[in-house]
Amino acid sequence: MESSETYWAEVALLDWQVALGADEAIGDVPVDRYALEAVAAKAAPVKLAPGTRPPPPPIPVPEKFDAVALARGAAEAAADLAALAAAHEGFELCALKRGARNFVGAEGHMAARVMVIGDAPGRAEDQAGRPFVGPQGALLDRMLGAIGLDRTSEAAAQAAYVMHVMPWRTAGAGMPLADDLAMMLPFVQRHIALVQPDVVVCMGNAACQALLGRAGITRMRGQWAEVMGRPALPMFSPDMLLGQPAAKREAWADLLALRARLRG
């Protein structure tokens, strides 16, 4: 039996420790509580109450996949424009598809001499499910008509094939993400391979970035480049021309250059 002196000495020691801020008892050796939980989980399996279902198994994490390679495979497997449109619309890996109202495909003669590729659909295109509609579409039709082209023409020599580099509307008016452009590029390239236009017109920064590997349409416009072995002409988009009417002078010069190239 401990004496009263020892008892009161220990009480005084505890009071002193409390005064110093000690609020719990800690052993001399650390305890790995994670290991204790693992041991307890193995030793005592969970018992389910009658009528309850066991929890679902964990969802397996899929292996890494190459979205661009999958897009390229889907595009190259399309033997014609109808199959390409179906593969393009059915591609599920681009997140923009989940936020868009409609798929915006291509329009025009399947052997048109000129292919016009814009940036991304706007609100009007997203609602209509067609490329270049509304004020932008009306302006584009006037621009094409000024040099004898028409997207509705049944004659390949006067026809224009029009589409956007992105088939789904992007959030806001900013540049599409590089990953999204890379995913959609194989479908655009397959369009070019099937239509085989004489000239490709890249209307806007996103189209130039995807097809020419660089942006800066103000510096690039009017300077001929090459896409898949075909001459390519960067131009201002109708949307930009509506916001900056003064730029229509440069757009008219580009249209004359396009007409001269077609005649030459």
Side-chain angles (χ1 to χ4, degrees), residues 80-82 84-85 88 104-122 124-125 128-167 184 187-208 210-212 217-218 220-264:
D80 52 36
L81 291 175
L84 180 58
H88 203 176
V104 180
E107 287 186 359
H109 197 288
M110 64 179 60
R113 294 190 65 195
V114 176
M115 179 179 286
V116 177
I117 303 176
D119 287 343
E125 287 84 1
R130 296 181 54 219
F132 294 105
V133 298
Q136 294 86 353
L139 177 56
L140 176 63
D141 290 339
R142 292 198 299 271
M143 293 169 64
L144 295 175
I147 58 172
L149 297 176
D150 186 350
R151 70 164 112 177
T152 64
S153 175
E154 297 182 358
Q158 289 79 41
Y161 190 89
V162 300
M163 63 180 299
H164 295 283
V165 71
M166 298 299 302
M184 295 299 103
F187 295 102
V188 179
Q189 292 173 328
R190 187 59 177 160
H191 273 280
I192 297 173
L194 291 174
V195 177
Q196 298 186 3
D198 293 336
V199 177
V200 176
V201 178
C202 302
M203 280 194 162
N205 277 318
C208 290
L211 293 165
L212 302 177
I217 191 62
T218 302
M220 296 174 61
R221 58 134 297 268
Q223 301 180 21
W224 286 94
E226 186 176 290
V227 172
M228 297 178 62
R230 292 172 171 77
L233 181 63
M235 287 185 60
F236 291 138
S237 66
D239 186 51
M240 179 179 176
L241 294 175
L242 290 174
Q244 302 181 30
K248 290 182 179 180
R249 177 183 300 178
E250 287 82 1
W252 176 240
D254 295 342
L255 287 171
L256 294 178
L258 174 59
R259 183 175 65 179
R261 176 61 67 99
L262 292 173
R263 290 178 175 179

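Small disclaimer: the values here were computed from a predicted structure and weren't measured.
Within 6.0 Å of CE in Met110 there are 12 or fewer heavy atoms belonging to other residues, nucleotides or ligands.
Of the possible polar contacts, none joining the His88 side chain to the Phe187 backbone as a donor-acceptor pair under 3.5 Å is found. Looking only at distances, a side-chain donor or acceptor of Asp119 sits under 3.5 Å from a matching main-chain atom of Ala206. When atom types are taken as modelled, the side chain of Asp198 and the backbone of Arg113 share no donor-acceptor pair closer than 3.5 angstrom. In this structure, the side chain of Glu125 engages the main chain of Val133 through a donor-acceptor pair within 3.5 Å. In terms of modelled atom types and a separation under 3.5 Å, the side chain of Arg230 and the main chain of Pro197 share a donor-acceptor contact. Checking side-chain atoms of His164 against main-chain N and O of Met166 turns up no donor-acceptor pair under 3.5 Å.
Side-chain contact between Asp239 and Leu139 is absent, with no heavy-atom pair separated by less than 4.5 Å. Ile192 has its side chain within reach of Ile117: a pair of non-hydrogen atoms, C-beta onward, lies under 4.5 Å apart. Side-chain contact check for Pro238 versus Met203: some heavy-atom pair is nearer than 4.5 Å.
Under the 3.5 Å distance criterion, with hydrogens and angles disregarded, no donor-acceptor pair is assigned to the side chains of Gln158 and Asp150.
Smallest separation of non-hydrogen atoms from Phe236 and Thr218: CE2-CA, 4.0 Å. For the pair Gly222 and Asp254, the tightest heavy-atom approach, listed with the atom from each and the gap, is CA-OD1, 3.2 Å. Of all the heavy atoms in Ala112 and Tyr161, the pair that sits closest is CB-N, 3.7 Å. Closest of all the heavy-atom pairs between Leu233 and Gln223 is CD1-N, 4.3 Å. Between Leu212 and Ala232, the closest heavy-atom pair is CD2-CB, 4.4 Å. When all heavy atoms are compared, the tightest approach of Pro231 to Arg261 is CB-NH1, 3.1 Å.
The distance from the CD1 atom of Ile147 to the CZ atom of Arg263 is 9.5 Å, given to the nearest 0.5 Å. Atom CG of Leu194 and atom CG of Leu81 lie 5.0 Å apart (nearest 0.5 Å). The distance from the CZ atom of Arg221 to the CE atom of Met240 is 10.0 Å, given to the nearest 0.5 Å. Summarising the geometry, atom CZ belonging to Arg190 is positioned 8.5 Å from atom CE belonging to Met228; distances are rounded to the nearest 0.5 Å. For the atom pair CG (Leu255) and CZ (Arg142), the distance works out to 12.0 Å, reported to the nearest 0.5 Å.
For the pair Glu107 and Arg130, the salt-bridge criterion is met [side-chain N within less than 4.0 Å of a carboxylate O].
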Does the pair Met115 and Val199 meet the rule for a side-chain contact (heavy atoms from CB on, under 4.5 Å), with working shown?
-> CA-CA 6 Å; Met115 179 179 286; Val199 177; over 6 Å; no
Passes side-chain contact (heavy atoms from CB on, under 4.5 Å), Arg151 versus Asp141? Steps please.
-> CA-CA 8 Å; Arg151 70 164 112 177; Asp141 290 339; 3.0 Å; yes
Report the C-alpha separation of Asn205 and Met220 in whole Å, then their side-chain angles, then the decisive distance to 0.1 Å, and conclude whether the side-chain contact (heavy atoms from CB on, under 4.5 Å) test is met.
-> CA-CA 9 Å; Asn205 277 318; Met220 296 174 61; 5.6 Å; no
